Amino acid sequence: QVQLVESGGGLVQTGGSLRLSCAASGSVFRFYSMGWYRQAPGNQRELVASITSGGSTNYADSVRGRFTISRDNAKNTLYLQMNSLKPEDTTVYYCNAEDYFAAGFWGQGTQVTVTS
């Protein structure tokens, strides 16, 4: 059974920081990749950042240089460190994991709100 539990969202002012966490059931090495997505009203869900089992990372242009995705293998936890937050970053962030057979799993989402 796969379960992803997100935490760390909250309310911050422009320029502030948050660290999102996604705790996965079992070893994160069961997944080919893990990532963070967000979906603003009227838009499709977009990839914010991803990391493969080999450690390769990818970032959306809008967050590159501000956000950092990482894993703690001992804790089976995925993180998204978000710095220099902007009001445009306000939305719900979702943790995602994909196994080697293209099965996808989603967390419940965590709200990030950045005030001006």
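Small disclaimer: the values here were computed from a predicted structure and weren't measured. Side chains are part of it too, since the values below use all heavy atoms of this structure and drop only hydrogens, waters and symmetry mates.
- Each of Thr90, Val12, Val63 was scored for a side chain to side chain contact (heavy atoms under 4.5 Å, CB included) with Leu85, with one residue passing: Val12.
- Ion pairing between a basic and an acidic side chain is recognised when a charged N comes within 4.0 Å of a carboxylate O; Asp61 and Arg64 show such pairing.
- Taking CZ of Phe67 as the start and OG1 of Thr57 as the end, the distance is 14.5 Å to the nearest 0.5 Å.
- For residues 4-18, the pairs satisfying side chain to side chain donor-acceptor pair (under 3.5 Å) are Ser17-Asn83, with sequence neighbours left out.
- Applying the side chain to side chain donor-acceptor pair (under 3.5 Å) rule to pairs touching residues 102-116 yields Gln111-Thr113, sequence neighbours excluded.
- Between the OG1 atom in Thr77 and the CZ atom in Arg71 there is a gap of 11.5 Å [rounded to 0.5 Å].
- One finds the CG atom of Asp99 at 5.0 Å from the CZ atom of Phe105 (value rounded to the nearest 0.5 Å).
- Here the closest heavy-atom approach between residue Ile69 and residue Gly35 is recorded as CD1-CA, 4.1 Å.
- Atom CD of Gln81 sits about 9.0 Å away from atom CG of Leu20, to the nearest 0.5 Å.
- Val48 and Tyr59 end up in the same hydrophobic cluster when Ile, Leu, Val, Met, Phe, Trp and Tyr side chains are linked at under 4.5 Å.
- Side-chain contact check for Asn43 versus Thr91: every heavy-atom pair is 4.5 Å or farther apart.
- Heavy atoms only, all atoms of each residue included: Gly107 and Tyr94 are closest at O-CD2, 3.9 Å.
- Taking the side chain to side chain contact (heavy atoms under 4.5 Å, CB included) definition, one finds that Tyr32 meets it with Tyr100, sequence neighbours left out.
- The CG atom of Asn76 sits 9.0 Å away from atom CZ of Phe31, with the distance rounded to the nearest 0.5 Å.
- The CG atom of Leu11 sits 8.5 Å away from atom CG of Leu18, with the distance rounded to the nearest 0.5 Å.
- A 4.5 Å side-chain heavy-atom check between Asp89 and Arg38 finds at least one atom pair inside the cut-off.
- In plain terms, the two heavy atoms of Met34 and Cys95 that are nearest each other are CE-SG, 4.2 Å.
- Side-chain contact between Trp36 and Leu78 is present, with heavy atoms from C-beta onward closer than 4.5 Å.
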